[in-house]
Structures are given as structure tokens and as C-alpha cells.
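FYI, side chains are in, hydrogens and waters are out, and symmetry mates aren't considered; it's all heavy atoms of this structure.
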Amino acid sequence: MRNRSVATVAMATVVALGLAACGSSDEPEATPGGESSLATTAGGAGGEVGVFTWWAAGSEKKGLDALEALFKEQYPNNTFVNLAVAGGAGTNAKAKLASDLQNNQPPDSFQGHAGAELLDYIDAEQIEPVNDVIDALGGESVFPKNLLDRLTVDGSIYSVPSNIHRANVVWANTEVLNKAGINAVPADMKAWIADLEKVKASGVSTPLSVAGTWTQVHLFETVLLADLGVEKYNGLFDGSTKWDSEEVKTAVNDYKTLLSYANTASDGDDWPVATDMVIDGKAAYNVMGDWAVAQFADKGKQEQTDYQYFPVPGTDGVFLFLADSFTLPKGAKNPGGAKDWLMLVGSAEGQKAFNVAKGSIPARTDVPPTDFPPYQQSAMESFKNDQIASSIQHGAAVSLAWLTDINAAISKFYTTKDEAALVTDLASAASKYTG
Ligand code: GAL
């Protein structure tokens with residue numbers, strides 16, 4: 001078994017060095033003829049295929065439903081079993097999954113994040129390589145090499161990527177901004193804080209919306225990225241940037257200021273609660289991954305007229321990255337059916353159906369951008385041209401254990417607002433994992 005901290009550093013280095021601009025291309029590439037060693041049965045292997053995710057409700061479920069419908073159509077011999085556990089970012093799901101894996105009761109496939117989180121499952125020897133599936137799908141001719149690198153250890157590829165999400169997006173209510181006299185996108189944190197003040201002065205008591213702890217970590221990572229810049233931010237994960245540096249202290253201070261403009265959240269509040277505050281005009285801004293765009297669409301809201309989006313001020317030109325992928329767990333009861341699922345998830349048709357509904361962009365490079373709504377088209381452009389940084393909250397940058405420590409520190413800060421203690425907690429967590 002690999003040493004986890006070494007593996008994490010190795011992955012972080014891949015993250016820091018490797019993933020710049022490996023995105024979707026405007027020119028669809030040809031898919032090779034599909035020669036592969038993967039033995040498949042027309043119509044599917046048969047039997048139940050239990051798929052574990054946290055896409056249990058709302059717009060996220062619609063993405064999964066789109067995949068399920070295609071799976072039933074293309075693999076009629078199989079019975080799809082939806083094992084979704086509710087709770088954004090997998091807060092509840094990951095605990096249930098850990099105990100199921102521990103008890104040798106794995107689902108046939110589960111959702112995992114590309115990067116450090118996947119490495120946890122690889123290190124624990126809980127998942128099998130799926131190189132045959134990736135090859136059958138077209139391998140490097142359809143998936144960006146640098147994305148595959150994040151799923152690979154010692155030449156073995158451990159999951160099939162379904163999508164790429166952007167984390168550093170501000171979603172804003174157009175009418176609320178107009179009332180506050182705001183008609184330009186703020187260039188940096190300072191300008192954004194000035195705008196938050198204007199919104200407050202216009203009579204909105206909570207200009208910024210937040211929900212439970214994981215959404216606060218999500219907000220905090222975007223402030224870190226804004227205040228450190230992409231290189232120093234990426235350095236947080238390989239030990240080259242100190243978590244008690246001046247820049248991190250500035251980010252903690254800005255984060256505290258942002259929270260002073262936010263609603264009081266309870267930890268049970270999930271992301272839709274915060275995004276809905278913007279949709280309903282109770283807040284001007286919410287920082288959320290681009291799964292939020294599916295929520296606006298679901299509520300019938302129109303881009304520009306009703307809502308707008310822009311990179312978190314200070315992070316323009318950087319794509320704060322995360323990707324979902326699906327695995328083949330060791331000891332899965334129906335590995336043949338699981339591979340049918342993986343083939344569907346990784347197919348061009350599956351990626352189009354899923355990502356149009358989910359707000360994300362395809363991991364594959366041969367799905368035409370014109371098949372997507374304007375937001376996703378803009379995200380594809382950004383992913384192609386921007387520098388890439390890895391999300392902390394969504395498994396790209398840090399292991400599950402490190403993330404648990406960061407969540408504890410941010411949760412404590414939400415109550416105490418003690419800046420020095422947060423810096424100390426973050427630095428001591430980092431020292432455990434960067435060695
Ligand atoms: C992320 C996941 C996204 C979305 C989000 C909110 O961790 O990668 O696909 O589901 O959580 O639940």
C-alpha cells in the first residue's frame with residue numbers, strides 16, 4: 001500500500017503542474033473504432049446495478065435521472081438501483097460509503113472526486129482499475145490526459161470521469177444589484193466588499209448567502225485563491241506555501257468580513273437554501289459551484305434578466321476545478337453491470353445528457369459546446385484557457401482526512417470568529433498531511 005501523504009503530495013504536484021488548459025476543444029475529435037479487450041454483452045450483463053451518489057434531490061437528481069433513463073434504454077437487461085444518499089457535497093453519503101466499504105458491502109459503482117479523494121480509495125485498496133473501460137471509450141483521444149493523470153496510479157486508471165465543475169463562481173440577483181446601483185463586476189476582494197456594503201445600504205440585511213459548514217469551506221477556498229493567487233494557492237497542498245503565511249492571514253480576515261454580510265446558517269442548511277436566497281432576492285450573492293446554474297434553470301430564471309455570474313473577485317482567469325467520476329469497487333456484486341454503467345457514464349451521449357442537466361461540462365473533449373446552454377459554453381472556454389487550481393472541499397486537492405480537519409476548523413471559526421485560532425488550526429492540519 002502506498003504512503004498516503006506521499007501520494008497526496010504527488011497528486012498535488014500533478015495538480016499544480018499538469019492540468020493547465022487541458023479542456024474541451026471546439027473541434028470535436030474523432031472517437032476511435034472502439035477496439036478493446038472489454039467483454040460486453042449486448043443489452044447489458046443483467047442483474048441489479050447499485051449506483052451510489054449524493055445526487056438525491058432537486059437539480060442534481062435530474063442529472064442522475066438523465067443518466068438512468070439512458071442506461072435503461074441502452075442496457076435493458078440491467079436493473080438500475082438508485083442508492084443515492086441526500087446531502088450536498090456528499091457530507092452524509094461519504095460517511096455511509098465509508099462504512100459500507102469497511103463492511104465489505106460495496107455498491108456496484110460509487111461517485112468519487114478526481115484527485116486526492118480518489119487516491120484515498122486507491123490507497124485503501126477499495127477500488128479496481130478500469131483501464132479496459134477507459135480504453136474502450138477511446139482513452140486519451142477523448143479524455144484530457146491531465147484529467148486521466150488524476151485518476152491514475154502506477155499506470156492503472158481507477159475511475160471514469162463524468163463531468164467537470166467550476167467552484168469559483170459568484171451567482172448574483174440582477175434586480176438586487178440594480179437597486180443597489182451596482183452595474184460592474186468587482187475586480188478584487190476589496191471592490192467586492194465595497195459592493196456588499198452598497199447592497200446592505202440599499203436595505204438588504206444579508207447581501208451574501210451561506211449555508212452549512214461545507215458551503216463555508218467552499219466560500220473560504222475561493223477567498224484563499226483570490227488572496228494567494230493560483231501558484232501560492234496550489235502550493236498549499238505540497239507544503240511550499242505555509243498555511244500561516246501573511247497571505248493566508250489576509251484571506252482569513254477577508255473571509256471574516258464576508259461572513260459579516262451573510263445570513264446566519266444552521267449546519268443542516270444545504271446549498272440550495274443559500275442559492276435560493278439569491279433566486280428569491282433575499283440575498284445579492286452566493287458563491288457556489290456551477291451546479292447552481294441548474295437550480296436557476298429549474299426555477300425558470302433567465303440569465304442576465306434574473307441572474308448573473310462571474311468568477312469570485314480576484315480569481316478571474318483561474319478555473320477552480322473539481323470532477324466527479326465513477327468507480328468499480330473491489331467486491332462489487334455485479335462487476336459486469338457496473339462496467340455497463342461506466343461505459344454509459346463515459347460515453348459522449350451520457351456526458352451530454354448528464355452535463356446539460358447538471359450545470360457541469362463534459363470530461364470528454366468530443367461533445368460539441370453548441371449542445372449546451374450559454375453558461376456551460378462559457379465554462380468550457382474558461383477551462384480551455386484559464387489556469388487550473390484544485391478545489392479543497394470537493395476532493396481535488398486534499399484527502400478525506402485533511403478535509404475533515406479543515407471542515408472542523410471552519411465550523412469552529414463560524415462560532416468563534418477567532419482569526420488567529422483558524423490560522424493555527426489550518427496550519428496544524430496541514431502539518432499532518434504534508435509531512
Ligand atoms: C460536489 C459534487 C457536485 C455536486 C456538489 C453539490 O462535491 O462534485 O457534483 O453534487 O457536490 O452537492
Side-chain angles (χ1 to χ4, degrees), residues 56-62 86-89 91 165-186 189 191-223 226 254-313 315 358-359 375 393 410-411 413-415 417:
S59 51
E60 301 199 306
K61 182 169 185 300
K62 288 197 173 152
T91 35
H165 271 302
R166 185 176 195 178
N168 57 323
V169 188
V170 179
W171 305 91
N173 181 300
T174 302
E175 195 183 329
V176 174
L177 293 191
N178 286 345
K179 273 199 195 135
I182 297 167
N183 44 34
V185 172
M189 275 291 144
W192 191 30
I193 289 165
D195 282 354
L196 283 157
E197 191 56 43
K198 282 189 206 159
V199 174
K200 189 153 202 175
S202 77
V204 178
S205 57
T206 56
L208 177 69
S209 63
V210 292
T213 302
W214 79 258
T215 73
Q216 296 159 28
V217 173
H218 185 120
L219 172 63
F220 178 62
E221 70 179 47
T222 68
V223 181
D254 280 340
Y255 173 62
K256 182 174 174 177
T257 306
L258 291 182
L259 285 184
S260 73
Y261 290 99
N263 55 300
T264 304
S266 98
D267 204 28
D269 293 342
D270 206 350
W271 71 267
V273 174
T275 303
D276 284 352
M277 285 181 70
V278 172
I279 292 175
D280 299 339
K282 297 196 180 96
Y285 307 106
N286 175 227
V287 171
M288 190 44 61
D290 49 13
W291 45 89
V293 77
Q295 181 85 349
F296 283 93
D298 230 26
K299 302 253 168 130
K301 298 297 175 190
Q302 299 300 320
E303 191 175 318
Q304 296 314 323
T305 328
D306 299 317
Y307 72 96
Q308 35 195 285
Y309 48 82
F310 50 88
V312 169
T315 71
K358 184 69 162 48
Y375 170 75
Q393 175 57 44
I410 287 288
S411 170
F413 182 76
Y414 191 67
T415 312
K417 302 291 182 322

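Nearest heavy atom pair, residue Ala292 against residue Trp271, reads CA-CZ3, 3.9 Å. Considering every non-hydrogen atom in both Pro313 and Ala226, the closest pair reads O-CB, 3.4 Å. Between Val199 and Ala180, the closest heavy-atom pair is CA-CB, 3.8 Å.
Looking at Asn286, its side chain does come within 3.5 Å of a backbone N or O of Ser209 through a donor-acceptor pair. Side-chain atoms of Lys256 come within 3.5 Å of backbone atoms of Lys417 as a donor-acceptor pair (strictly under, hydrogens ignored). Side chain of Thr206 to main chain of Lys282: a donor-acceptor pair is present (N/O by atom type, distance under 3.5 Å, no hydrogens or angles). In this structure, the side chain of His218 does not engage the main chain of Gln393 through any donor-acceptor pair within 3.5 Å. Judged by distance alone, with hydrogens and angles left aside, the side-chain atoms of Gln216 form no donor-acceptor pair with the main-chain N or O of Val210 at under 3.5 Å. A donor-acceptor pair is defined here as one N or O able to donate and one able to accept, closer than 3.5 Å; such a pair exists between the side chain of Asn173 and the backbone of Val278. For the pair Asp267 (side chain) and Thr213 (backbone), a donor-acceptor distance under 3.5 Å is present. Side chain of Trp171 to backbone of Met288: a donor-acceptor contact under 3.5 angstrom is found. Side-chain atoms of Thr275 never come within 3.5 Å of backbone atoms of Pro272 as a donor-acceptor pair (strictly under, hydrogens ignored).
Here Gln295 contributes atom CD and Ile279 contributes atom CD1; the two are 5.0 Å apart, rounded to the nearest 0.5 Å. Remark: Ile193 CD1 to Leu258 CG distance equals 5.0 Å, nearest 0.5 Å. If you take OH on Tyr255 and OH on Tyr414, they are separated by 8.0 Å, rounding to the nearest 0.5 Å.
In the model, Ser59 has no side-chain atom that pairs as donor or acceptor with a side-chain atom of Asp298 under 3.5 Å.
Contact check on Lys299 versus Asp276 returns a salt bridge, with a Lys/Arg side-chain nitrogen under 4.0 Å from an Asp/Glu carboxylate oxygen.
In this structure, Phe296 has its ring center at least 6.0 angstrom away from the ring center of Tyr375.
With a 4.5 Å cut-off on side-chain heavy atoms, Asp290 and Tyr309 do not count as touching. Counting heavy atoms from C-beta on, the side chains of Phe413 and Leu259 come closer than 4.5 Å. Side-chain contact between Leu208 and Trp192: present, with at least one pair of heavy atoms (C-beta onward) separated by less than 4.5 Å. At least one side-chain heavy atom of Leu177 sits under 4.5 Å from a side-chain heavy atom of Gln308.
Annotation: side chain to side chain contact (heavy atoms under 4.5 Å, CB included) contacts of Thr91 (sequence neighbours excluded): Trp214. For Glu175, the salt bridge (Lys or Arg N to Asp or Glu O under 4.0 Å) criterion is met by Lys179, not counting sequence neighbours. With sequence neighbours excluded, the residues that form a salt bridge (Lys or Arg N to Asp or Glu O under 4.0 Å) with Asp195 are Lys198.
In summary, of the residues considered (Asn168, Thr215, Val170), a side chain to side chain contact (heavy atoms under 4.5 Å, CB included) with Val287 occurs for Val170 alone.
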